[in-house]
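Notes for the one structure printed next.
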Amino acid sequence: MAESSKEELVQLIKRFGAYITFKMSNLFPISFHNLDTRSVGAIAGLAVAIVFTWRLFRSPSGSQQRQPKRQAPPTSSSVVSAQSNSTLTPPGVCSSSDDLRAQNVVDEFFQPVKPTLGQIVRQKLSEGRKVTCRLLGVILEETTPEELQKQATVRSSVLEVLLEIAKFCDLYLMERVLDDESEQKVLAALENAGVFTSGGLVKDKVLFCSMENGRSSFVRQLEPDWHIDTNPEIVSQLARFIKYQLHISPIRPERTAANVFSAPSLEQFFGCV
């Protein structure tokens, strides 16, 4: 039984090495054509060792030895069956299940790793480090300054993305309000949502103005890499001054400039919905 298991393992490693060489040659076609046979074999051998070590440590039973099972004496029918199977499978040749096992191990090893939200944010923002964003219709459920006189509600679906942006970027939030009470309602809503506890955003970076064009003045003074807004007029005005803009609109608008992107919501732009 020991010799049979050893021979099976050798065959599996051989088939595994051949398959991983094929897999890696598909991933790196140019590099592999420039390598000689010994170099390819060395890389394949290294990959085999890495994958088998990884599988060994990953398996909960990797460090435990299997106890041999007691088997009943073979009956005459089992002897006949074994002899018939040995005649069907030539010696030294493994079944197709060995190929499948080797391919499954390689495919699992080369499975693409899902990026984190932080990685997605950095990629989508093209590594931009300063972001300005309006509150109404993007961070808040409310869409008009008049609504803010009654209440301010942070959208729960956008919170995770907002905190991630605040960790990576110098983030400024801004909005037009009609009175001081509206300012306090907005700040209280952001604080209750935990926006100021992440360390990336402080109350001093939440800016308020009394006129709609005051937001444009804030943005031009701060010179961010990205500005996020729902007002198409402001987006159009800032297109030639700001590197990138994100226009939040439930209906996909006509693209006004190459540096202006659009999405139904901030979280959908980052693929969180």
Side-chain angles (χ1 to χ4, degrees), residues 117-118 120-121 124-125 128 130-219 222 224-238 242 244-254 256 260-273:
L117 179 58
I120 294 173
V121 167
K124 281 281 192 177
L125 294 180
K130 184 182 283 188
V131 177
T132 55
C133 178
R134 85 166 301 181
L135 286 159
L136 286 173
V138 182
I139 308 302
L140 300 178
E141 296 281 0
E142 293 73 25
T143 57
T144 65
E146 288 76 17
E147 291 180 81
L148 291 181
Q149 292 181 303
K150 300 177 182 179
Q151 63 180 16
T153 311
V154 175
R155 301 175 62 245
S156 58
S157 59
V158 80
L159 189 57
E160 188 179 4
V161 171
L162 179 66
L163 294 177
E164 201 61 49
I165 295 174
K167 288 178 187 177
F168 176 68
C169 302
D170 187 14
L171 176 64
Y172 292 82
L173 303 178
M174 52 190 64
E175 193 48 68
R176 174 195 170 206
V177 292
L178 302 178
D179 49 42
D180 294 340
E181 288 74 15
S182 297
E183 290 186 21
Q184 297 305 316
K185 285 183 175 64
V186 170
L187 291 173
L190 292 172
E191 186 169 15
N192 292 335
V195 173
F196 300 128
T197 60
S198 65
L201 185 66
V202 295
K203 291 183 179 181
D204 290 341
K205 292 184 178 181
V206 182
L207 311 176
F208 298 98
C209 55
S210 58
M211 302 294 291
E212 192 73 2
N213 60 2
R215 196 160 67 252
S216 298
S217 299
F218 283 150
V219 175
L222 290 168
D225 299 300
W226 281 81
H227 176 62
I228 304 165
D229 213 296
T230 61
N231 190 324
E233 293 183 6
I234 289 183
V235 170
S236 178
Q237 292 170 10
L238 294 173
I242 307 304
Y244 300 109
Q245 286 193 92
L246 176 60
H247 183 192
I248 301 298
S249 173
I251 302 174
R252 186 171 183 176
E254 184 178 348
T256 56
V260 177
F261 301 87
S262 64
S265 68
L266 186 62
E267 57 269 35
Q268 282 184 275
F269 178 70
F270 292 103
C272 297
V273 177

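Here, residue 1 is the first one in the sequence, and each next residue gets the next number.
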Query raised in the report: Do Leu171 and Leu162 pass the side-chain contact (heavy atoms from CB on, under 4.5 Å) test, and can you show the C-alpha distance, the side-chain angles, and the key distance before you say yes or no?
Result: CA-CA 9 Å; Leu171 176 64; Leu162 179 66; 3.6 Å; yes
Separation of [Y] [atom2] from [X] [atom1] (nearest 0.5 Å):
| X | Y | atom1 | atom2 | answer |
| --- | --- | --- | --- | --- |
| His227 | Ile234 | NE2 | CD1 | 6.0 Å |
| Tyr172 | Asp204 | OH | CG | 9.5 Å |
| Thr153 | Lys185 | OG1 | NZ | 11.5 Å |
| Thr230 | Leu266 | OG1 | CG | 12.0 Å |
| Ser156 | Glu141 | OG | CD | 7.0 Å |
| Leu117 | Phe168 | CG | CZ | 12.0 Å |

Which atoms form the tightest heavy-atom contact between [X] and [Y], and what is the distance?
| X | Y | result |
| --- | --- | --- |
| Arg134 | Arg215 | NH1-NH2, 3.2 Å |
| Pro145 | Leu178 | CB-CG, 3.8 Å |
| Ser265 | Ile248 | C-CD1, 3.7 Å |
| Leu136 | Glu175 | N-OE1, 2.9 Å |
| Ala189 | Ala152 | CB-O, 3.4 Å |
| Cys209 | Gly214 | SG-C, 3.9 Å |

Query raised in the report: Going through the checks in order, is the side-chain contact (heavy atoms from CB on, under 4.5 Å) test met by Val206 and Val195?
Result: CA-CA 11 Å; Val206 182; Val195 173; over 6 Å; no
Just by modelled atom types, is the [Y] backbone N or O under 3.5 Å from a matching donor or acceptor in the [X] side chain?
| X | Y | value |
| --- | --- | --- |
| Trp226 | Leu125 | yes |
| His247 | Asp229 | no |
| Glu142 | Leu148 | no |
| Lys130 | Leu222 | yes |
| Gln245 | Val235 | yes |

Report task. For the pair Asp170 and Lys205, evaluate side-chain contact (heavy atoms from CB on, under 4.5 Å) and give the outcome as yes or no after the intermediate values. Result -> CA-CA 9 Å; Asp170 187 14; Lys205 292 184 178 181; 2.5 Å; yes
Query - NZ/NE/NH1/NH2 to OD/OE distance under 4.0 Å, Lys150 and Glu147 - result: no
Report task. Check the surroundings of atom CD in Glu233: do more than 12 heavy atoms from other residues, nucleotides or ligands lie under 6.0 Å from it? Result ->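 No, CD of Glu233 has 12 or fewer neighbouring heavy atoms, counting only those of other groups under 6.0 Å.
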**Report entry** Whether over 12 other heavy atoms sit under 6.0 Å from Phe269 CZ
**Finding:**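 Correct, the count exceeds 12.
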Query - Side chain proximity check, Cys133 to Leu173, heavy atoms < 4.5 angstrom - result: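 The answer is yes; the side chains approach within 4.5 Å.
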Requested in this report: Please report the C-alpha distance between Leu190 and Ile139 in whole Å, then the side-chain angles of each, then the deciding distance to 0.1 Å, and finally whether the side-chain contact (heavy atoms from CB on, under 4.5 Å) criterion is met.
Outcome: CA-CA 9 Å; Leu190 292 172; Ile139 308 302; 4.2 Å; yes
